[in-house]
Colleague: 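Pasting in a structure now, in structure tokens, and then I'll have a few things to ask.
Index from 1, following the sequence. Counting starts at 1 for both ligands and their atoms, following the listed order.
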Amino acid sequence: MIYTKEEFTTRFSLLCEKADLSELGLPAKDKLYTICEQLDLRSKQFNLTAITEPEEVLKKHIMDCLFTAQCIDGIATDGMRLLDVGSGAGFPSLPIAAALPNINVSAMDSTAKKTVYMNETAALAKIENFKAHPARAEEAARGEMRGAFDICTARAVARLNVLMELCAPFLKIGGHFVSMKGAAAEEEMKEAESAAKKLGLTFVEKCRYFIPEMDDARFLLIYRKDSKTPESYPRNFSQISKKPL
Ligand code: SAM
């Protein structure tokens, strides 16, 4: 069962305080509560996320994504365009849009019913700077969204070398790719060195953070697009996954 709004506010405020995220998180708390409420309600109707227990939703979805929003806040300027690839039930895209109303957030997922869910949730939460698009990244990256974004994010979609080929084409030159990773971050970075080079990405920073009351470290891997991604990328998905760059 989901937290009541009062329970949510109490727990959320405490976690924000422990994580030093109060300034970013608290103004968005009503929107974030609606995201949790909708996730609970709609997960009973179709398979949206493996995480449904309220304390886990709060920590592993909301708090985790707020750390990403904080990092993006450091590189974003008003009106910037962000794309979240493989957004699923809206993570990290919905919490980022709730916490950073000054940027435009697009979310993409290959499952159309997830994008319908995200758009309905954004409307109910009054998150106006958000739009979800049903598409496969490797197909959309060949259309008008190519080279159109300042920031591209992704969590739990694919290994880094595969993800880079899906995300880099969407970025403008000078734009940033922000990948949310767990314990395998270092290993995936090494594995993705050649992909980064071929796609025009330069490593900028690895940020380590801890969700309060949880032991495992999480990482934000940040790359900047310094040169144009060759037109031959992205390839079709079977080539990308069978023969990562
Ligand atoms: N990012 C969300 C999260 O962290 O909760 C969802 C993660 S879920 C494990 C992976 C999502 O990526 C799924 O919703 C799937 O439909 C989507 N996906 C996988 N490959 C994709 C592709 N090539 N283009 C767009 N979406 C994709």
Colleague: Just by distance, do the side chain of Arg146 and the backbone of Phe170 share a donor-acceptor pair under 3.5 Å?
Modeller: no
Colleague: Which of these, Lys181, Lys59, Arg155, sits in a salt bridge (charged side-chain N to carboxylate O under 4.0 Å, His left out) with Asp64?
Modeller: Arg155
Colleague: For atom 8 (S) of ligand 1, which protein heavy atom lies nearest, and how many Å away is it?
Modeller: Ala156 O, 3.7 Å
Colleague: Answer yes when Glu138 and Arg235 have at least one side-chain N-carboxylate O distance shorter than 4.0 Å, and no when they do not.
Modeller: no
Colleague: Please compare Ala89, Ser93, Gly86, Ala137 and report which has the shortest non-hydrogen distance to atom 24 (N) of ligand 1.
Modeller: Ala137
Colleague: List ligand 1 atoms under 4.0 Å from Lys114, heavy atoms only on the residue side.
Modeller: 13 (C), 14 (O)
Colleague: Under a 4.0 Å heavy-atom limit, does Pro92 contact ligand 1 with its side chain, its backbone, both, or neither?
Modeller: neither
Colleague: When you group the ILVMFWY residues by side-chain heavy-atom contacts below 4.5 Å and let the links chain together, are Phe67 and Met214 in the same group?
Modeller: yes
Colleague: Give the residue and atom name of whichever protein heavy atom lies nearest to atom 2 (C) of ligand 1, and the separation in Å to one decimal.
Modeller: Phe91 O, 3.2 Å
Colleague: Donor-acceptor pair, distance only, cut-off 3.5 Å: does the side chain of Arg142 make one with the backbone of Glu231?
Modeller: yes
Colleague: To which protein heavy atom is atom 17 (C) of ligand 1 closest, and what is the distance rounded to 0.1 Å?
Modeller: Asp109 OD2, 3.3 Å
Colleague: Within a distance under 4.0 Å of any heavy atom of Gly88, pick out the atoms of ligand 1 and give their elements.
Modeller: 6 (C), 14 (O)
Colleague: Starting from atom 4 (O) of ligand 1, find the nearest protein heavy-atom neighbour and note its residue, name and distance.
Modeller: Arg155 NE, 2.7 Å
Colleague: Going by the order shown, which atoms of ligand 1 are within less than 4.0 Å of some heavy atom of Thr111?
Modeller: 16 (O)
Colleague: Taking Asp84 for the side chain and Ser93 for the main chain, is one N or O donor matched with an acceptor at less than 3.5 Å?
Modeller: yes
Colleague: Below 4.0 Å, non-hydrogen atoms only: which portion of Glu138 touches ligand 1? Side chain, backbone, both or neither.
Modeller: side chain
Colleague: What part of Ala135, side chain, backbone, both or neither, has a heavy atom within less than 4.0 angstrom of ligand 1?
Modeller: backbone
Colleague: Note the single closest protein heavy atom to atom 27 (C) of ligand 1, along with its residue, its atom name and the distance in Å.
Modeller: Ser110 OG, 3.4 Å
Colleague: Do Phe237 and Met164 share a hydrophobic cluster (ILVMFWY, side-chain heavy atoms under 4.5 Å, transitive)?
Modeller: no
Colleague: When you measure from the heavy atoms of Ala158 to every atom of ligand 1, does any distance fall below 4.0 Å?
Modeller: no
Colleague: Quick test: of every protein heavy atom, which one is nearest to atom 19 (C) of ligand 1, and how far off is it to 0.1 Å?
Modeller: Val157 CG1, 4.0 Å
Colleague: Of Glu17, Glu213, Glu6, Glu56, which is the lone residue that meets salt bridge (charged side-chain N to carboxylate O under 4.0 Å, His left out) with Arg11?
Modeller: Glu213
Colleague: With Phe91, which of Leu39, Thr49, Ile51 fulfils side chain to side chain contact (heavy atoms under 4.5 Å, CB included)?
Modeller: Leu39
